[in-house]
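The structure under discussion appears below in the form of structure tokens.
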Amino acid sequence: MKVIIAEKPSVAREIAKVFGATTKKDGYIEGKGFSFTWAFGHLLQLAPPQDYGFYGWKVQNLPMLPQKFKLSIRKIKTKDGLVEDPGVRKQLDTIKMLFDSATEIIVATDAGREGELIFRYIYYFLKCKKPFKRLWISSQTDEAIKQGFRDLKPGSDYDTLFNSAHCRSESDWLVGMNATQALSISAGNRSVLSLGRVQTPTLAMICARFIEIKNFVPQIYYQISIQLDKSGQVFKAISIDNFKEKDKAQQAFDKVLDVGSGHQEGGRILKVDSKPRKEQPPLLHDLSSLQQEANKKKGFTADQTLTLLQNLYESKLITYPRTGSRFIGDDVFAGVPQLIDNLKGHPELGKQAEFLLNNLPLNKRSVNAKKVTDHHAILPTGEKAYHLSSDKQAIYDMIIGRMLEAFHKECLKEITKITIESGSLFVANGTVIRSAGWRAVYNEPDEDKKEEDNATLPKVTAGENLPVIQKELLEKQTKPKPLYNEASLLKALETCGKEIEDEELRDAMKEGGLGTPATRANIIETLITREYIIREKRNLVPTSKGLAVYEVVKDKKIAQAELTGSWEKRLEEIRSGASVAEFKEEIKTYTRTITNELLAAGAGLSKVLMSAEKN
């Protein structure tokens with residue numbers, strides 16, 4: 001009997017259906033020489049401190065550095081405290097019975113770091129020694145499942161993936177358990193103050209931005225705006241200089257020779273720069289970019305978007321959603337024209353799909369096999385989408401809309417800058433779209449366009465004089481950066497808070513970001529659960545408790561985003577075969593450092609927390 005183990009019952013049922021297995025048993029499905037069983041996500045976890053002899057929250061226990069980590073069955077809360085989940089124990093017994101009688105084990109948990117960890121923890125906990133094979137698929141369609149089973153991989157091919165996942169799990173335990181106990185002890189055990197390897201620098205980013213805005217003092221400055229007329233076409237120009245003092249601005253304003261002061265040709269054209277610009281289409285979506293778009297357009301939280309995506313994936317409508325890649329290989333690209341052809345009947349995007357097919361070849365900016373990680377970018381599978389809820393439809397449409405944009409032509413613009421003299425120097429900017437290209441998919445406004453840009457500019461030549469028909473002295477003030485919302489925070493987490501707009505450069509930095517696309521939604525939700533941050537409309541705002549914790553940790557290593565990002569990069573290197581032992585020693589050294597730093601925070605923390613509680 002071959003045993004196939006999936007991550008969830010629903011996935012096991014779908015795979016069993018493909019094989020024609022229909023006999024339902026307690027905890028598995030049987031038929032056609034196969035047994036199909038499942039986990040319920042993480043059945044096992046790293047054992048708590050008391051399993052290593054660390055009882056109570058005591059300074060003398062810290063730092064807790066187990067020689068060898070143990071696994072324990074997932075716990076649930078009861079009136080008697082935390083106890084083993086009886087449902088988990090029962091399912092583990094079922095899996096053990098099936099493994100013991102198996103002629104072959106096939107792993108069908110999610111094809112990624114967490115899916116590998118879920119299976120391996122079960123495998124090692126049950127002390128199973130049998131060899132196993134790996135099903136590695138990027139969609140749940142019947143054909144993808146069948147093809148995956150024709151191309152099973154040896155389980156050992158994914159040893160480094162497990163090593164990466166296991167190191168991540170152990171480092172999160174070491175940092176989280178020790179930092180939480182150290183900070184809580186420092187605060188006089190007033191309450192449990194949870195800290196985490198990734199959550200703490202994320203909280204620090206949110207708090208730092210909030211405090212920056214709170215302490216921001218707007219600076220008043222002045223600009224001069226003029227309107228010029230060329231043969232009846234009026235356009236606007238803004239002074240190149242910003243004036244800090246109003247009287248200097250007034251002096252420059254008075255020097256502008258406008259029609260009202262009797263001058264018919266008050267603006268002299270000094271220079272005209274006109275450059276064509278090709279704007280490449282956006283890359284295909286990965287999980288993080290899709291969460292950002294869904295937050296901007298629909299106000300969905302990162303967690304909501306992930307849940308909707310997982311449902312679409314399990315409904316066979318999209319490819320694997322927990323991907324960090326925005327590229328596909330040539331093999332997948334070969335099927336893209338058919339995917340586009342399937343969309344010709346779409347009520348909003350059908351015309352753009354037809355246009356693309358009539359204007360081949362497709363743009364290949366998103367096609368690069370070297371940049372595909374465990375899974376390629378998110379695409380529709382080609383299965384027909386029927387009767388989706390409005391939220392699922394919105395996410396599905398974002399995926400197909402981005403696919404159409406990504407394979408579309410470039411947007412061709414003409415960017416013009418006119419320099420004018422009228423007492424002082426002025427500049428008129430204008431951007432004209434000559435060929436919309438990918439922007440035609442949604443026909444949305446150009447985000448690069450500034451408020452003062454002209455929609456069109458007349459043809460003018462250097463040396464020409466034009467009448468200034470209106471002038472205005474503008475009083476403005478500097479503005480702080482906005483609060484983080486989920487879209488901007490997800491974007492910042494990719495690059496540890498560095499402000500990088502270039503899409504491909506951001507993509508290159510992903511290995512050193514905070515967390516992974518698959519974990520960032522959970523990081524935000526955990527900070528909310530711990531009452532460190534709240535959602536205010538679409539913004540993420542720290543609570544008094546979150547700010548109190550930040551005040552203590554802001555200068556400590558545990559709050560340093562770049563340092564934490566470097567651990568994420570190291571985990572990716574382990575995935576590629578780098579030393580596990582070296583990484584574990586570094587994490588232990590880091591744990592000792594942060595534990596001592598947080599224990600030294602001392603009485604000052606209690607005062608900060610008392611103040612926060614009063615507020």
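- Centroid-to-centroid, the aromatic rings of Tyr532 and Tyr550 stay 6.0 Å apart or farther.
- Between Thr373 and Arg575, the side chains place no donor N or O within less than 3.5 Å of an acceptor N or O (distance only, hydrogens not considered).
- The two residues Lys588 and Pro66 come nearest to each other via the heavy atoms NZ-O, 4.2 Å.
- With respect to His285, the side chain to side chain donor-acceptor pair (under 3.5 Å) criterion is satisfied by exactly one of Arg326, Glu293, Gln292: Glu293.
- Under the ring pair (Phe, Tyr, Trp, His ring centres under 6.0 Å) test applied with His375, the options Tyr313, Phe327, Tyr320 reduce to a single match, Tyr320.
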Worksheet item: After noting the C-alpha distance and the side-chain angles of Lys296 and Arg538, does the key distance pass the side chain to side chain contact (heavy atoms under 4.5 Å, CB included) rule?
Response: CA-CA 9 Å; Lys296 284 179 191 171; Arg538 292 194 182 184; 5.6 Å; no
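- Between Glu14 and Lys8 no salt bridge is recorded (no basic side-chain N to carboxylate O distance below 4.0 Å).
- Nearest heavy atoms, Leu514 versus Val198: C-CG1, 4.1 Å.
- A salt bridge links Lys96 to Asp100: one of the charged nitrogens lies within less than 4.0 Å of a carboxylate oxygen.
- Side-chain contact check for Arg322 and Gln310: at least one donor-acceptor pair (N or O, by modelled atom type) lies under 3.5 Å.
- For the salt bridge (Lys or Arg N to Asp or Glu O under 4.0 Å) test, residues two or more places apart in sequence or in another chain that qualify with Glu586 are Arg570.
- In summary, the side chains of Thr519 and Asn522 do not present any donor paired with an acceptor at a separation below 3.5 Å, with no hydrogens or angles considered.
- Residue-environment remark: CD (Gln67) stays at or below the threshold of 12 foreign heavy atoms within 6.0 Å.
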